[in-house]
Colleague: 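Let me begin by handing over the structure; questions about it come next.
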Amino acid sequence: MIYQSTRGASAPVNSAQAVLKGLADDGGLYMMKELPAFDWQGCLTKDTKGMAKQILGALLPEIQPMDELVERAYTGKFESEELTPTVKVGDFTVLELFRGPTSAFKDVALCMLPQLLTAAIQSEGMEKEILILTATSGDTGKAALAGFADVPGVGICVFYPHGGVSAVQRAQMVTQKGKNVRVCAVEGNFDDAQTGVKNIFAACADGKLLEGRGIELSSANSINIGRLAPQITYYFKAYADLMRRGEVKLGDKVNFCVPTGNFGDILAGYLAELLGLPVGKLICASNTNKVLSDFIHTGTYDRKRPLHKTDSPSMDILVSSNLERLLYLLSGQDAALVADLMKQLNTEGRYTVPAELKAAIDGQFWGDFAGDAETSAAIDRVWKEHGYLCDTHTAVGWYVAENYVNQTGDRTPMVVLSTASPYKFPAAVLSAIGGDTNGDEFDQMERLSQITGVPIPRNLTGLKELEELHTGVIPKDQMLSFVLGE
Ligand SMILES: *Cc1c(COP(=O)(O)O)cnc(C)c1O
């Protein structure tokens, strides 16, 4: 299957090469040239792993044997083999994506990516080891570490901002076991860590620094099609659940509201629709960093604004990489246009899409945002009215979904994607429902569980007692030497 760069200046590749490379050489992202024929109705009759096998088999045909890879990725890793359950909460359906090994929705993709990558290494006959470099603001780091730990032929190195992640997130990362994992704190903020990683990629691009070391660098970021494709599955899973409960008949539309940061999760919903799933509106929910909801309203993407620290930190982002893929798809694969817009974003910090493209976006998407106060109020309301405890990111989605219904009157069944366990953000959740936030995050977790009766996920209990294996802190200019082991 042919994948081409959204910016049109790199040679086409097959799906295995696209997964290995991550980013195209011209800076663009890989997208399939044509969609495969896909039996979406048949897909809806399968169990979750069966859906994943069909979807990934269709989109990544050069990576094999897909059935086995899916089994290896998911079996025994999630709370149930259903992987991503749905729960009816009031008028909405909540799609729980956080029942995986690290209690974050990124597990769905990061359990699968290592399998895809190692199979791609084999099919492409690569002899070098792949070293995954990742900067994290909290969630990606642990999900990637858990996914790649002890995977043969791959190493992983995660950098996080010193003092910039929650105590729970830090504990999750620094206690990670595995012969091939390294974790290090960087003095600076998330942007410093991310810039440091980009600089390492740039410094190693000509291959000289890595010569004789037998390694090649890659990324576990959602720019990789191997991370995006596994996320399509749960849109089918949610739809099948609604059918089973008699809420929709085959062919009825369903709306999805997605708490959004890098635009990967919601883009997977659009790909599900392109494969045939009857998707109504895709509702993009932002926090105070509402660059995307502004874009959907105005057609102008403007990243020249301060980045706010919010209670939904995994969405604190101003440059949403995967939006580039949407622009490419909705413009009829106009790579010249996409390359021009991305250049404007780089040089001027903003761009405005042509009217036709704006109209195409309006037809499919709706956007709005929730500040911290609205987020907190939504957690409290959902808990008091429905006895359902949700995390801050999910609450952003809930609030925006309610606004959508109130403003449009659209009564199409609504699925709200839930992207993290409330126990990953215990202080904000506890304070939202009026609990006492004294003590450290582990005390808060306990108290939250006592008040609500909602069990703490197994991977988070006992975290405080685990041995800390990775306690290093380095200045940001030493990241390259850390990677090279000097
Ligand atoms: C990463 C993340 C998001 C945002 O997902 P994108 O695919 O980047 O839009 C939302 N919520 C949580 C908890 C996350 O970890």
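The analysis underlying the following values was restricted to heavy atoms, covering all of them including side chains, and did not include hydrogens, waters or symmetry mates. Along the sequence shown, the residues carry numbers beginning at 1.
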Colleague: Check for me whether the distance between the ring centres of His393 and Phe425 falls short of 6.0 Å.
Modeller: yes

Colleague: Are the ring centres of Trp398 and Phe92 closer than 6.0 Å?
Modeller: yes

Colleague: Using a 3.5 Å distance criterion without hydrogens, assess whether the side chain of Asn224 forms a donor-acceptor pair with backbone atoms of Val19.
Modeller: yes

Colleague: Can you tell whether the side chains of Arg99 and Glu82 come within less than 4.0 Å, N to carboxylate O?
Modeller: no

Colleague: Do Asp443 and Asn438 meet the criterion of a side-chain donor-acceptor pair at a distance under 3.5 Å?
Modeller: no

Colleague: May I ask you to decide whether Asp192 forms a salt bridge with Lys476, counting only side-chain N to carboxylate O separations under 4.0 Å?
Modeller: yes

Colleague: Is any side-chain N of the basic residue among Lys290 and Asp368 closer than 4.0 Å to the acidic one's carboxylate O?
Modeller: no

Colleague: Using 30° and 60° as the class boundaries, would you call the ring planes of Phe365 and Tyr270 parallel, tilted or perpendicular?
Modeller: tilted

Colleague: Do Asn406 and Glu402 get their side chains close enough for a donor-acceptor pair, meaning under 3.5 Å?
Modeller: no

Colleague: Regarding Thr288 and Asp372, do their side chains bring together a donor and an acceptor under 3.5 Å, going by distance alone?
Modeller: no

Colleague: Compare every heavy atom of Leu292 with every heavy atom of Ser320, then report the nearest pair and how far apart it is.
Modeller: OG-CD1, 3.4 Å

Colleague: What I want to find out is whether Glu468 reaches Arg170 closely enough, with some N-O distance under 4.0 Å, to be called a salt bridge.
Modeller: yes

Colleague: With ring centroids as reference points, do Phe190 and Tyr160 lie under 6.0 angstrom apart?
Modeller: no

Colleague: May I ask you to check whether Tyr301 and Tyr351 place their ring centres under 6.0 Å from each other?
Modeller: yes

Colleague: If you measure from the Lys or Arg side-chain nitrogens to the Asp or Glu carboxylate oxygens, is any gap between Arg458 and Glu79 under 4.0 Å?
Modeller: no

Colleague: Can Phe295 and Val353 be said to form a side chain to side chain contact (heavy atoms under 4.5 Å, CB included), step by step?
Modeller: CA-CA 9 Å; Phe295 169 68; Val353 297; 3.9 Å; yes

Colleague: Is the shortest side-chain N to carboxylate O distance from Glu348 to Lys304 below 4.0 Å?
Modeller: no

Colleague: Would the distance check show the side chain of Asp107 and the main-chain N or O of Ser103 forming a donor-acceptor pair, the cut-off being under 3.5 Å?
Modeller: yes

